[in-house]
Engineer: 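Pasting in a structure now, in structure tokens, and then I'll have a few things to ask.
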Amino acid sequence: MEIRESVTSLVHDLVSAWNRGDATAFASLFTAEADYVTGAGMWLHGRRSIAELLSAAAAPTQVFVEGDAWIRDYGTVSSVVFRWATDPGIEPRRRGVVTCLLVKSAEAWLIDHLHNTDQA
């Protein structure tokens, strides 16, 4: 599978797992030692902490990927930046930008660093 297809699929799998509130599926998209900085600035380290974030939350706010993801390929490391937004009709309307550093494992691309920036 081409890098653009693989990474775009990863982004959509991430958002889909978030929307379902599926902490196991969400965390499985990260490396074991991944770092995740939330839109509120909380810094989580490790797959377990990332899963706990979603497990502890009430029903997650439903979001979608807005536009195309920007992908840069450096061989076994890639970066992706994408915008997200809450579904229309959800108030207050929220948007943000996610930046990820991805690493190629034997099986698939995994997120090693994710930084979410909420937009006002």
Engineer: About how many Å separate CD of Gln62 and CG of Asn19, when rounded to the nearest 0.5 Å?
Structural biologist: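 Between atom CG of Asn19 and atom CD of Gln62 there are 4.0 Å.
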Engineer: Would you check if Thr76 and Val103 make a side-chain contact, meaning some heavy-atom pair closer than 4.5 Å?
Structural biologist: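 Sidechains of Val103 and Thr76: no contact.
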Engineer: Would a 4.5 Å heavy-atom cut-off, applied to side chains only, mark Phe82 and Leu14 as touching?
Structural biologist: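 Yes; the side chains approach each other to less than 4.5 Å.
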Engineer: So, taking the atom named CZ in Phe30 and the one named CG in Leu102, what distance separates them when rounded to the nearest 0.5 Å?
Structural biologist: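 With rounding to 0.5 Å, CZ (Phe30) is 10.0 Å from CG (Leu102).
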Engineer: Calculate, to the nearest 0.5 Å, the distance between atoms CD1 and NZ belonging to Ile3 and Lys104 respectively.
Structural biologist: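 Nearest 0.5 Å value for the CD1-NZ distance: 7.0 Å.
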Engineer: With clusters defined by side-chain heavy atoms of hydrophobic residues (ILVMFWY) lying less than 4.5 Å apart, directly or transitively, does Val37 cluster with Val11?
Structural biologist: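 Val11 does not cluster with Val37.
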Engineer: Can a donor-acceptor pair be found, under 3.5 Å and without considering hydrogens, that links the side chain of Arg72 to the backbone of Ser79?
Structural biologist: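 Checking the backbone N and O of Ser79 against the side chain of Arg72, no donor-acceptor pair under 3.5 Å is found.
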Engineer: Considering all heavy atoms of both residues, which atom of Val97 and which atom of Arg83 are nearest to each other, and what is their separation?
Structural biologist: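 It is CG2-NH1, 3.5 Å.
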Engineer: Going by heavy atoms in the side chains, are Asp118 and Trp84 under 4.5 Å from each other?
Structural biologist: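 SC-SC contact between Asp118 and Trp84 confirmed.
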Engineer: With side chain to side chain contact (heavy atoms under 4.5 Å, CB included) as the test, would you mind laying out the steps for Thr38 and Asn116 before giving the verdict?
Structural biologist: CA-CA 5 Å; Thr38 69; Asn116 178 36; 5.6 Å; no
Engineer: Looking at Phe64 and Pro88, what are the two nearest heavy atoms and their distance?
Structural biologist: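 Shortest heavy-atom contact: CE2-CD, 4.0 Å.
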Engineer: Hey, does Val80 have a side-chain heavy atom less than 4.5 Å from the side chain of Trp109?
Structural biologist: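 No, too far: nothing below the 4.5 Å cut-off.
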Engineer: To the closest 0.5 Å, what do you measure between CG (Asp13) and OG (Ser6)?
Structural biologist: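 Those atoms lie 10.5 Å apart.
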Engineer: From Tyr74 OH over to Leu101 CG, what is the distance, rounded to the nearest 0.5 angstrom?
Structural biologist: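 One finds 10.0 Å between OH of Tyr74 and CG of Leu101.
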Engineer: List the atom of Ala85, the atom of Arg93, and the distance in Å for their closest heavy-atom pair.
Structural biologist: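 Ala85 and Arg93 have their closest heavy atoms at CB-NH2, 3.7 Å.
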Engineer: Spell out, as yes or no, whether a donor-acceptor pair under 3.5 Å connects the side chain of Thr86 to the backbone of Arg94.
Structural biologist: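 Indeed, once roles are kept as given, a pair shorter than 3.5 Å links the two residues.
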Engineer: Distance from Ser49 atom OG to Leu54 atom CG, nearest 0.5 Å?
Structural biologist: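 So the OG of Ser49 and the CG of Leu54 are separated by 13.0 Å.
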Engineer: Between Ser28 and Leu110, what is the shortest heavy-atom contact and its length?
Structural biologist: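 Taking Ser28 first and Leu110 second, the nearest heavy atoms are O-CD2, 3.5 Å.
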Engineer: Can you name the nearest heavy-atom pair linking Cys100 to Val98, along with the distance?
Structural biologist: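 Answer, listing the atom of Cys100 first, then Val98: SG-CG1, 3.6 Å.
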Engineer: For His12, run the side-chain contact (heavy atoms from CB on, under 4.5 Å) check against Thr8, Leu10, Val15 and tell me which one passes.
Structural biologist: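 So, applying the side-chain contact (heavy atoms from CB on, under 4.5 Å) to His12 and each of Thr8, Leu10, Val15, only Thr8 qualifies.
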Engineer: So, for Ala23 and Ala51, which heavy atoms are closest and what is the spacing to 0.1 Å?
Structural biologist: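 Looking at all heavy atoms of both residues, the shortest contact is CB-O, 3.4 Å.
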Engineer: Is the closest side-chain heavy-atom distance between Thr99 and Trp70 below 4.5 Å?
Structural biologist: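 Not touching, per the 4.5 Å side-chain cut-off.
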